[in-house]
Enquirer: 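The following block contains the structure, expressed as structure tokens.
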Amino acid sequence: MFKILVVAWLSALVQDVQFADVVLSCSFIEDGGTMTGSHFARTPATLVLKDLPMSSDLAPEAITPYIPPKTPNADDLIFEVKASSVEIPEAEALLHADCNEQEVICELSRYNPRGTTPDSLPAYFIGSVQLEGDGVSHTLVLQTIADEEAESNAASLTQSKLQLPLSDWGTLMTNAVFVVFTRSPSVAAHLGEDVVLDCGYKQRDVPTERRVELEWRWQHRGHGRTVLLMKASETETENGTPVQMSREGVSTDSTLLVKEGNASLTMKKLAVSDEGTYICTINSGPFQTQQIVQLHVRQPPKVFLSQKEVIFQDETPQQLSCNCERYFPLDVAVEWLAQRPSEEESVSLTKQSSLSSHRQHSDGTFSLSSFLFVRPSENPPGTVFTCRVSHPALQSPSDVSLKVLEPEPEAGEYYWMILITLVLSVMFLYQASR
Ligand SMILES: *[C@@H]1O[C@H](CO)[C@@H](O)[C@H](O)[C@H]1NC(C)=O
């Protein structure tokens, strides 16, 4: 009772900070080895992140503490990550995902930091936790906590697959010791813009002289290259940090990298050729861990029609053309619609239209035209033609329209009309003067 009171009093002091447990369903992945070929074996597992600080005002009923199984089972794979771990940035998003029934992809597997052997203790695991959609993505290095009491306690369980001692409540106790994360695993930007690819890390046991190696690697359609390679350390930052770059206008702040664990890559003037998968690899102490950021170039088409209006002078059909210029990526869809004065609904003419081939510009963007033949018999004055263009870079389709106008009398007709008016006027005047 006393203990509970103390806890309540303490959390009242630290206002606006609540703690919550996040429980994730995961897969434990093992290399099947030669027995099953190159297949990976998946076993259901659970990842429990204990006592994560939550800053927002969560309804108390939204916070349900983790309750371990009633009878501990040696076959269960429950990884419990203690609160004494390194800070897990944006962990709140995981709790909200739970409430919003957002999918979380969670995979766990064994891990060997540099200088350790597969059977040495403590044991290490790597957890990859990814929120569906554009949420945060974490790679966690988990280190088992050697519990001497448990080891000496003959009654304690040993996990059947891992051969590691379990806590009295049947979980494998771990600390997260290294985290690499990105808050935006997928980035879309326009051509010519500057973008930041987000990547950061947190390390629990920081060596006295911190040395960090960062690599940003680009991969796309079977090609790949290192975009930036930086070897930063606390002492070196004053007199320059060794850095290699293979693209103009990329940078990472070496001070932020060492001091704040910010490995974000800034890219100036985005080009079509920058599109691809970027892998942020952090090497620090015995750990090497990665995070992936997808970069999509999105450039909406400029849409315009070849003419402002249609006038049919006779029965000759006319060709309309709708031009979509300098867009990226390739997938563009062009529809044609006609709204005739006599009809309430507009009709689709897309089937009667034809497309030019894609033209690619030197900057990698594309252009395309769509053509439509229109006949005066079907399209009386007042008809409105619309070209509707859909493209991934457009939030809603882009419409451009033109109208069929009444034909104007021809010059020859004018001549006759003036002549007749003149003759009639002269006759009228002559009559009047009599
Ligand atoms: C790194 O710094 C940049 C620029 O200040 C900021 O936009 C970004 O959110 C930071 N990222 C991380 C992971 O700290």
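Both ligands and their constituent atoms are indexed starting at 1 by order of listing. Starting from 1, each residue takes its place in the sequence as its number.
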Enquirer: Select one of side chain, backbone, both or neither to describe which atoms of C199 lie under 4.0 Å from any atom of ligand 1, heavy atoms only.
Expert: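 Answer for C199: backbone.
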Enquirer: Identify the protein heavy atom lying closest to atom 12 (C) of ligand 1, giving its residue, its atom name and the separation to 0.1 Å.
Expert: R183 NH2, 2.9 Å
Enquirer: What do you think, any protein heavy atom under 4.0 angstrom from atom 7 (O) of ligand 1?
Expert: no
Enquirer: Listed by chain and number, what are the ring-ring contact (aromatic ring centres under 6.0 Å, His included) partners of Y124, not counting sequence neighbours?
Expert: none
Enquirer: State, with a plain yes or no, whether a side-chain heavy atom of E30 is found less than 4.5 Å away from one of K161.
Expert: yes
Enquirer: Taking the ring of Y201 and the ring of F181, is the distance between their centroids below 6.0 Å?
Expert: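 For F181 and Y201, the ring centres are not under 6.0 Å apart.
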Enquirer: Can you pull out the closest protein heavy atom to atom 14 (O) of ligand 1? Residue, atom name and distance to 0.1 Å, please.
Expert: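 The protein heavy atom lying closest is N262 ND2, 3.2 Å.
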Enquirer: Just to be sure I read this right, does ligand 1 sit under 4.0 Å from the backbone of D198, its side chain, both, or neither, counting only heavy atoms?
Expert: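 Side chain only; the backbone of D198 stays clear of ligand 1.
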Enquirer: Quick one: side chain to side chain contact (heavy atoms under 4.5 Å, CB included) partners of S398, sequence neighbours excluded?
Expert: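 Applying side chain to side chain contact (heavy atoms under 4.5 Å, CB included) to S398 gives V303, L394.
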Enquirer: With a 4.5 Å limit on heavy-atom distance, are the side chains of C199 and V180 in contact?
Expert: yes
